[in-house]
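Contents: one structure, followed by commentary.
Order of the sequence lines fixes the chain letters, A, B, ..., with proteins taken first and strands second; residue numbering starts at 1 for each chain. Since we're looking at a predicted model, the values are computed, not measured.
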Number of protein chains: 2
Amino acid sequence: MVTINDIAKRAGVSRTTVSRVINNSGYVSEASKRRIMTAIEETGYVPSEQAKSLRLKRTKVIGVILPKISTETSSRVVDGINSELNSNGYQILLASSDLSMEREIEHLKLLQSRRVDGIILVATNREQPLLNAIHQAEVPVVVLGQDIKGNSSVLYDDYHAAKAVMNAIFAKGHKKIGFIGVHEQDQAVGVERKQAYLDAMAESGVTIEEGWMQEAIFDIDSGATATKQMMQSLVKPTAIFAVTDRLAIGAMQYLQANGLKIPEDIAIIGIGASDLSKYVTPSLSTVDYFHEEAGILSARLLLNNLQNGEKKVEKSLMRYRLIERNSLV
Amino acid sequence: MVTINDIAKRAGVSRTTVSRVINNSGYVSEASKRRIMTAIEETGYVPSEQAKSLRLKRTKVIGVILPKISTETSSRVVDGINSELNSNGYQILLASSDLSMEREIEHLKLLQSRRVDGIILVATNREQPLLNAIHQAEVPVVVLGQDIKGNSSVLYDDYHAAKAVMNAIFAKGHKKIGFIGVHEQDQAVGVERKQAYLDAMAESGVTIEEGWMQEAIFDIDSGATATKQMMQSLVKPTAIFAVTDRLAIGAMQYLQANGLKIPEDIAIIGIGASDLSKYVTPSLSTVDYFHEEAGILSARLLLNNLQNGEKKVEKSLMRYRLIERNSLV
DNA sequence: CTGAAAGCGCTTACAG
DNA sequence: CTGAAAGCGCTTACAG
């Protein structure tokens, strides 16, 4: 691979001068500049960002840790991050934690060993070891999706979004409302959304019957299974709030397979505004979380941190939007 | 940030010795090793992969160029690439070409300036400038999705997959078959799949009526528009082959909105086995391209190249699988 | 078992 | 306008 020394030799100057024209800084005679330019052309020389990074102590690379790569949410978030980063000359080094906290921590270290300038962590939990790893990080970390004390985060407004969902259901006259949630280890999805359900029910003075609250994992089949359980309750719900679209779609699948009509017999609503939600039949009412925007915002927060040098802690709350479609009437 | 020199000083040895214990190579006395280990623990020292890379002339980073980040195909491919790469100690530097050839070329250079060890390019065209950029690359490039002469590629068997689609349609007794394609700049999707349609029709001796062949771009609405055009033909087709699932779903939307029953009035089939295809109503017949596997294969091809040092040109043809569902009966 | 020295490819005061 | 020198954080012959 051709280096700055090769160019210097070819052009008959020192590498200092070559460096000057590459970065056009300082004075260089037209003659030298011309010779250097042609040398670069002829050899196809591309300066090593890597060597430059070592010298300048910044890589222009941001590490992004995702819970899972091939998920709609992730790809939208990354899309947002990438566009914001790119227009500022940064690139993304990608890592997947596969939903394991150990791997989140591992990647936090791995990325630092690569000397990324900063890290965006799309987190799924707030366990102590993870918190420690975040606080010990030597580069700014922006956490997306979980509120980490003492650290910058971009947050979805899970509680109020879920409250909005409940209000929409109540507005249609439903009282008997079932809930499909996930494990409480996930603060945002597992705890906040559930709390909103509980509060909304309490505020409306309706008691939650046995079997109405189910816990699932993040996939469609699990949504179906949970619904099956729920429909064995003595008092059957007339509406179901599933904490994710996929869970909601699983519910729809199970109900339709068992001859129930949606929304006539039972209404469904999810959260996420997935592509899927738009094209299932009936179309699924849901909440848009603006994932791409969240990605952009995370990147921007990180870049601010980088540019100001200060480690300012900022919390940013995302907006959300209820999308009323045909699964809830 | 703490460096190898800090550790050396703390442990009262030379940095050579520290390097030895980090990489456990060569002899080090137990005493020195112990002192070095505690120094590392106490400081939280993490060796700089970056500096190491400069010295070793390899970064253990692979560049991945995608036509678009937030697409189901992309995320599945990246998932495959990532898992294969990760288990070999490599990481992904991500880039998006946003479907523009200029940006494909730009990123090819940008990634090289970062001294990635190799590049996986998910390509959408085979224009000359791109070919040049690929051939001029100083690191191995594996191209996914387009057959590039003189370069390793992982290829989808577009022609035969599309032929299989046509056979499936014929098998149901259809003769009047419409086609929704894309621009020929895309060799794989635009040319190969169309050729299969043309050949299949010719081989069956059925003439293609005016209006049966439509060209769209890669989104759902465009599929609907194309279908609208098609349905204005004098002789209406009884089945439609759309070259992607999204196009097929657009067709379904338009047809259903206009009171037609699928598959009774008109059958539909796509390609891609998207998540969507499974959950629309009726479920969409399609072809699974095993994108994740394609990602794994691309990564493996690249790693082989890297390990053997030789620049062997290998073409790998992906398998495919027809999935018959309810949109075609 | 250990360390001094050279070098990976750059940039940047400093001196001229 | 230009270049020699130092240094970013590592590894690896080489010598002892």
Please state how far atom CD1 in B/I4 lies from atom C1' in D/dC10, giving the value in whole angstrom units. 6 Å
Could you check which nucleotide pairs with D/dA13 in any of the strands shown, counting Watson-Crick or G-U wobble with both distances under 3.5 Å? none
I'd like to know if the side chain of B/N132 pairs up with that of B/Q128 as donor and acceptor (distance under 3.5 Å, no hydrogens or angles considered). yes
Contact list (N/O, under 3.5 angstrom) for nucleotides 1-5 of chain D vs protein:
from	atom 1	to	atom 2	distance (Å)
D/dT2	OP1	A/S29	OG	3.0
D/dT2	OP1	A/S32	OG	2.7
D/dT2	OP2	A/S29	N	2.9
D/dG3	OP2	A/S14	N	3.0
D/dG3	OP2	A/S14	OG	3.3
D/dG3	OP2	A/T17	OG1	2.8
D/dG3	O6	A/R20	NH2	2.5
D/dA4	N6	A/T16	OG1	3.0

To the nearest angstrom, how far is B/N24 atom CG from D/dT12 atom P? 12 Å
Separation of C/dC8 atom P from B/R115 atom CZ, nearest Å, is 13 Å
Quick one: does B/M37's side chain get under 4.5 Å of B/V21's, heavy atoms only? yes
Heavy atoms under 4.0 Å, any strand shown: does A/N23 hit a base, just sugar-phosphate, or nothing? sugar-phosphate
Taking 4.0 Å as the cut-off, does a side-chain nitrogen or oxygen of A/K57 come that near to OP1 or OP2 on D/dG7? no
Taken to the nearest whole Å, CG/B/L54 to C1'/C/dC8 is 4 Å
Whole angstrom value for the distance that separates P of C/dC10 from CZ of A/R58: 13 Å
Kindly give the heavy-atom pair with the smallest separation between B/I148 and B/K315, and that separation in Å. O-NZ, 2.7 Å
Side-chain H-bond candidate by donor/acceptor type, B/N304 with B/E314, under 3.5 Å: no
Tell which nucleotide pairs with D/dA4, taking only Watson-Crick or G-U wobble pairs whose two distances are both under 3.5 angstrom. none
Between CD of B/Q50 and P of C/dC8 the distance, given in whole Å, is 17 Å
Using the six-membered ring of B/Y27, assess whether NZ or CZ of B/R20 lies under 6.0 Å from its centre and within 45 degrees of the ring axis. no
Donor-acceptor under 3.5 Å (A/N151 side chain, A/V141 main chain): yes
How close or far is atom P of C/dC10 from atom NZ of A/K60, stated in whole angstroms? 18 Å
Looking only at heavy atoms, which two atoms of B/D117 and B/R58 are closest? And how far apart? OD1-CA, 3.4 Å
Rounded to whole Å, please give me the gap between CD1 in B/I22 and C1' in D/dT12. 14 Å
